[in-house]
Structures are given as structure tokens and as C-alpha cells.
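Structure, as C-alpha cells:
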2 protein chains.
Amino acid sequence: MPYRSLDMTARFTATYRIRSDAASIGARAEAIAVEQSVEMPVPAIAEQEILQDILGRVEGIEDRGGGVFEVRVGLATATTGLEAGQFLNMVFGNTSLHEDVVLLDVDIPADLAAAFGGPNSGIDGMRRRAGAFGRALACSALKPQGVPPARLAQLAEQFARGGIDFIKDDHGLADQAYSPFADRVAAIASAIGRTRYVPSLSGDLDQMRRQIDAAQTHGIDTVLIAPMIAGWSNVQTLVRGHPDIAFFAHPTMGGAARIAPDLLIGKLFRLLGADAVIFPNHGGRFGYTPETCRRLADQARTPHGGIRPSVPVPAGGMTLERVPEMLDFYGPDAMLLIGGSLLAARDRLTEQTVAFTQLVAQHNYR
Amino acid sequence: MPYRSLDMTARFTATYRIRSDAASIGARAEAIAVEQSVEMPVPAIAEQEILQDILGRVEGIEDRGGGVFEVRVGLATATTGLEAGQFLNMVFGNTSLHEDVVLLDVDIPADLAAAFGGPNSGIDGMRRRAGAFGRALACSALKPQGVPPARLAQLAEQFARGGIDFIKDDHGLADQAYSPFADRVAAIASAIGRTRYVPSLSGDLDQMRRQIDAAQTHGIDTVLIAPMIAGWSNVQTLVRGHPDIAFFAHPTMGGAARIAPDLLIGKLFRLLGADAVIFPNHGGRFGYTPETCRRLADQARTPHGGIRPSVPVPAGGMTLERVPEMLDFYGPDAMLLIGGSLLAARDRLTEQTVAFTQLVAQHNYR
């Protein structure tokens, strides 16, 4: 575990583009620095080394005009654990929930670059695969999904005869009944000679590993993966564990636009199996409206295709004062989550927790 | 593999909210139905059963006023393979790259609900864990990251004495040097009696499984997971494989706002290890500007912390006519990807591929 020897004072810079008025940009910037690091009220932090080494630091604010600002925040490298999913979590995680913030840039210092490692093959390795130097590479895609492997192999063979360098699966080709991965790879690999076929990985880490193994038995050394769906930690593991494989990244779910929060968090996370779904309550640190929160809670609890209801867990800057109102708003089939404002009680943490749990236990629902 | 017996004609409905003018909404709706299913020119599809059973179908368009429309699209259930990551890919994947489209709703028919299964425990199971019926549940969070396990355990003990139902890790707590998962779980579990501690899972599927195992040895039966970071397939696998564990879903990276495409696809996918990064070229099906595409290609190739360059792969509705212009724009360290427009040649696929590869091989760069 390389991070155990990590310099605990190392930082890297993330840049956010924020729509804001000039009067509040300073506070917005500080709020992001807190959100993406300690995620609690700073005055409640007693430990000097946390304030020094862990708390995010606003490094600069630039007015880009038209109510747009760019804010640079120095984040502690140690908080990423040098692990790709946690890196994403620390760089944009909760702040992605603000619809007026775009993650614009991340400076990758040498320690981060070395820890993640980047491409195994890169441009040179891709050229070697294609035997193509000093010119651009050419690629096409196998479609549509729904046709059987034999038909895809026929298309691949035509592409190969046309001299293409790489033939990739359409990213919709996964492991469906009509074109199982193993059958597809076998059929296509035998149809294309030395042309590079790039099958699309899908499923969980185990399935993707099995798919790479299956591909390798057919001499395939290049695959397609969608990081926003596969999960960054799994991509990191597959890349580092397969130095001889080259990876195409597909941008699907690249997040240029939104999924309605009630759908994503209330309905789809429940479908996925979440027993409790945490979400930012209205009037807290995030911009969800009461209507969004009500719909989200409804989506989590309404009878739906025979699956169990999930507990809605409103959170995000909640305080004891808001407990009665939240209980009336969400009803008893809910869980209230209060973090930072309890921790701010410091020595009186237990007493404040008692106050919280008594409010919850003794409430008379309207 | 349950999907092998799937009804190949089953569909489910996804609803998208689109900013558009009235004159083009019909075409936009059809384009989404194609993008989220066959992803190629419909006239190039010869197979009648693909047009019948796989191609997405616009089921309705409603004008919500103010240049906003809601479009319902029927997607073939078979294309999801009943696999969570592929489900997300089919529901929003490439369409997420359009910044004027929001995924608004997905109707979950009984076959999908049964296949995914939803929560193992749900509200009832969470109540049983807390021994709390007829009232809301109460939860708090352990923060800040950076403090050692002993300090977190001390906070947890105070929460527990205050009578709280669930104590969750801050979602920033992963497996960092300053608070390794195993040490943290051991310390906290022994400090809280019968109160439920909810540790946060992070890392790849193997790491998350080990974390669940470690938690279970301390009697823990509830964990926190972030589906947008863990990867939906992995969440599905963990939920289904651990019927006795209850799962909190954390909304981090819930995608309410954007990551700049050049950063995400050009720089960060490269850092993650992509040897080639596919992205929508300007002037194609997606809205990226030439400037965004140029920055993205630069991010993929510029010397950076000693990691290898990635091949930029512009794609998304490209044609042979655009090859010379694209070669001049991206230079030779690039890969051109042309899919649907080659496949539209049908019987002349090989010849059109030859034309493509010759354009690439014989180009005189400006």
C-alpha cells in the first residue's frame, strides 16, 4: 500500500467554475473547500493537524465576468488514499450535486501521476498494435446490438478486409442473450486476421476480469471500458492488473447533463438495492427544492413492482431546530441524519444526541 | 443467467426532459430513441427483428411550455441484459452527454423489478435493526476525516450513549493511511454496544467485499455505498450476494452538474489508464465545440507528470467526407472512428472501409 508512505502535507489543485454573485463567491469557495475535505463545521474541529493538513484551502478566485467565477481549491492528496474512486469522491463528489458548479480542471502533480500510472500502452503501444506509424489510426464499430455474433463477425471481416486498424464493439454490446460476450469474441476474433478487435467490457469487476481472460485466449490485447459505469476503482484495478492490455475509454454517462434527483436517488438507487437513501434536504447546503425532496422520498417508499421500500434519509447541514419540521414533512418512515451540527457540540456531544433522539422519539406528527 | 429466458419483446419507458424548439422536438425524440438502442443509421439496419424488437420507440411527446418537452421512449428490456451497469448505459449513457437533456423518469415494470430485486431489508429491516417502530429513525455521521480510529470511536461512543439509531462513516472516510478501514471498524464496533455502525465501502469490488467481510466479523450488518462511484454492476453484485446486509446509498457524484469534458475524458480517463479515449467530435451528434474537442485532445496527449499519452478518438456521427478535415484538426497522433456511416454502405462495407483507410494513410497534413 504505497499511500502509507505518502507525504501527509502534499496537495493538488482542483478548479471549479461557479455561477455566483460577487458578494457571495468567497463564501461559496470556502464552502467547497470544506465540502470536499472535512465536510463539517470548521469551528467544531479541535485537531490542529486536521486544519493544517486535511482541510481544503481556497488558493484563488478569478472573476471570469458575467457572474462566472473560477475557484482553485488545494485538496490534501492523503484524503484520496491514492485510490481512483475515492479520488473522484474527493475531487467532485458532493459538489457535483450543485447544479451551478462545474469541475473544470484538476492539476495532477507527479506524486498522483506516479500513483495512478496512466496508460500502460499509450499512443506508442496503440501504434505498435496497428503497425501504423506517422499517420492517424482508423477505427470502426460493430452494430447494431440485437444481431447474433455470426453477423457481427461478418461485418468485422469486411472492416478487416478494408484495412481498418481497430474494430470496436458498439458500447451497447454487453453480455445480452442475443450476443453473449464469449460467443461474440470467439466468432469475431476468428474472422479478422491481424486486425485489432476491441470488445466492450461490462458488468462487475469479476465479470470484466472474466471477459478479459476470454478475450486473451483469442489473442485479443485491446478492450473497451466505460469508466463512469464500471466504477473508477475497478478501472484502476483492471488497468494496473493487465499491463499487456490496452484500454479504450468510452464516454457514456460522462455526465454532461443531469438525472432527476428523485429518479436517481429515490427510485433507481432503491431498485439497485439501497435499504436507505441519503439525500440533501431542502434548506441545507444543497439546492434541492422541497418538491424535489418530497418526490424523492415518495419514490423511495411508494409501492413499486413488489420491491421493498427504502428509508429516505434527508441530510446535508441539518440542525436540531429543524427536526420537528422535518418529521412532519417526511413522516415516521424516514431517518433523520444530523452530522456536523451535533459534532459541533464537542464536549456536549452525548447531550445533544439525547436531545436529537428525544425529539425523534416523542414527536407528535401533524 | 435469468435473462436467457427474457421475453424479447418486453419494453420499459424512459422519460427525458429536453430543451428544444417545437419544430425539432420530433427529430430530437427519434434521435434519442436511436442513440439509446441501436446507435446507428436506421436505414442501414437490414434485419426486421432489430427494427421490431430492439430499436427504441418514441411513445409520446408532451409540450411542457417554455421550450421544454417531455419525451417518452420505449426501450427494449433485452438490451439491458438485466445487468445494472448496462441498464444505466441503455437508459442514459450517451444521451447524458447532451447538456440540454435530463433523464426524468424510468418506469420499472414487474420483470425489471423482479430481476434487480430492490432492497434486501428495506424500511422494515432498518426498523428491526434499530428496534424502532412507529417513529422516524435517527442517524449521525463520524467526521472529520484525518482523525485516527480511536478518536472516531470516541465520537461514536458519545453518539451511542445519546441513543442514536445509526452512526455512519462520513463518505469521505475510505481506507486512507490515517484511518484504515479494518482498524476503524474494529475500534468503532467495540465502542457502541447495540447501536448500528454503518461503515463506508470504497475501492474496487474485491476491496468492498473484503470490507464487508471485515465488518461482519465485528457483527456489523449495515454499510454505506456510493453507487455513482462504486459502479452499478458492483452494487448489484454486493446487494444480491449479501442478503443479510443492509445498504445505505450515498448520493456523492450524483451528477447534478458537469465535469468539463476535456478534463474528464482527456485528462482524468488518461490518468486512470485509458490508452485511447473516445469522445464526440464537434459537428456530429453531440454538442461539443471545436474548442472543447481541441482541449480534450490536448489533455490526452500533452506531456503530463511522466504518464504516457492517450490516443484521442473523435467519433459520433462522423462520415468519410469529414476525414481530411479531422486529420488536419487532430494531426497524426489520433484515431478516427467511423461506425454507422460505414455500416450504412451495407454490401459495399469493405470498399467504403478501403476508402476510409486510404484517406487516413495518404493524407498530407496541413
Side-chain angles (χ1 to χ4, degrees), chain A residues 38 40 50 54 81 85-86 93 97 99 102-104 113 118-119 121-123 136-139 141 143-144 146 158 161-163 174 176 204-205 229 231 233-234 237 239 246 248-249 252 255-256 258-260 269 273-277 305 307-309 334-335 337 339 349-350 353-354 357 360, chain B residues 38 40 50 54 81 85-86 93 97 99 102-104 113 118-119 121-123 137-139 141 143-144 146 158 161-163 174 176 204-205 229 231 233-234 237 239 246 248-249 252 255-260 269 273-277 305 307-309 334-335 337 339 349-350 353-354 357 360:
Chain A
V38 294
M40 66 176 285
I50 303 295
I54 301 291
Q86 174 65 3
L97 300 170
E99 61 173 305
V102 173
L103 177 64
L104 198 64
S121 303
I123 293 180
L137 304 166
C139 179
K143 315 177 183 199
Q158 291 173 279
R161 278 199 283 128
Q176 299 101 331
D204 67 24
L205 177 61
I229 291 179
S233 308
N234 301 291
T237 296
V239 166
F248 278 65
T252 183
R258 270 176 291 160
I259 303 178
F269 284 3
D275 297 285
V277 292
I307 61 171
R308 293 185 179 84
M335 181 188 299
L337 166 51
L349 179 54
T350 302
T353 305
V354 168
T357 54
V360 170
Chain B
V38 295
M40 66 177 286
I50 303 296
I54 301 292
Q86 174 65 4
L97 301 169
E99 61 173 305
V102 173
L103 177 63
L104 198 64
S121 303
I123 293 180
L137 304 166
C139 180
K143 317 178 180 198
Q158 291 173 280
R161 276 199 285 128
Q176 298 102 330
D204 67 22
L205 178 61
I229 290 179
S233 309
N234 301 292
T237 296
V239 167
F248 278 64
T252 183
R258 271 177 290 161
I259 304 177
F269 284 2
D275 298 284
V277 291
I307 61 172
R308 292 185 180 84
M335 181 187 302
L337 166 51
L349 179 54
T350 302
T353 305
V354 168
T357 54
V360 170

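Every heavy atom of this structure was used, including side-chain atoms; hydrogens, water molecules and symmetry mates were not. So you know, we letter chains A, B, ... as the sequences are listed, proteins then strands, and number each from 1.
Atom CG of B:Asn234 and atom CG of A:Leu205 lie 6.5 Å apart (nearest 0.5 Å). Taken from CG in B:Leu104 to CD1 in A:Ile259, the straight-line distance is 11.5 Å, to the nearest 0.5 Å.
Remark: side-chain polar atoms of A:Thr350 are paired, donor with acceptor, to backbone N or O of B:Gln158 under 3.5 angstrom.
The side-chain hydrogen bond (donor to acceptor under 3.5 Å, both in side chains) check on A:Ser233 picks up A:Glu83, with sequence neighbours excluded. Applying the side-chain hydrogen bond (donor to acceptor under 3.5 Å, both in side chains) criterion to A:Arg161, with sequence neighbours excluded, gives A:Glu157.
Interface summary for chain A: among B:Val38, B:Val354, B:Ile123, the most heavy-atom pairs under 4.5 angstrom belong to B:Ile123. Annotation: maximal heavy-atom pairing with chain A below 4.5 Å, among B:Pro309, B:Gly85, B:Pro119, B:Ala138, occurs at B:Pro119. Per-residue heavy-atom pair counts under 4.5 Å with chain B were compared for A:Thr353, A:Ile307, A:Thr237, and the maximum is reached by A:Thr353. Options B:Ala260, B:Ala249, B:Ala141 differ in how many heavy-atom pairs under 4.5 Å they form with chain A, and the most are formed by B:Ala249. Among the candidates A:Val102, A:Val277, A:Leu337, A:Ile229, the residue making the largest number of heavy-atom pairs closer than 4.5 Å to chain B is A:Leu337. For chain A, the option among B:Ser121, B:Gly163, B:Gly146 with the highest count of heavy-atom pairs below 4.5 Å is B:Ser121. If you tally non-hydrogen atom pairs under 4.5 Å between each of A:Ala246, A:Gly339, A:Gly273 and chain B, the highest count goes to A:Gly273. Ranked by heavy-atom pairs shorter than 4.5 Å toward chain A, the options B:Gly231, B:Ala113, B:Pro144 are led by B:Pro144.
Scanning both residues, B:Cys139 and A:Met335, for their nearest heavy atoms gives CB-SD, 3.4 Å.
A:Val239 touches chain B through its side chain: at least one heavy atom from C-beta onward sits under 4.5 Å away, while N, CA, C and O do not. When heavy atoms are compared at a cutoff of 4.5 Å, A:Ile50 approaches chain B solely by way of its side chain, counted from C-beta outward. Contact annotation for A:Ile54: only side-chain heavy atoms (C-beta onward) come within less than 4.5 Å of a heavy atom of chain B. Of the atoms belonging to A:Phe269, it is side-chain heavy atoms, and not backbone ones, that fall under 4.5 Å from chain B.
Counting heavy atoms from C-beta on, the side chains of A:Leu137 and B:Val360 never come closer than 4.5 Å.
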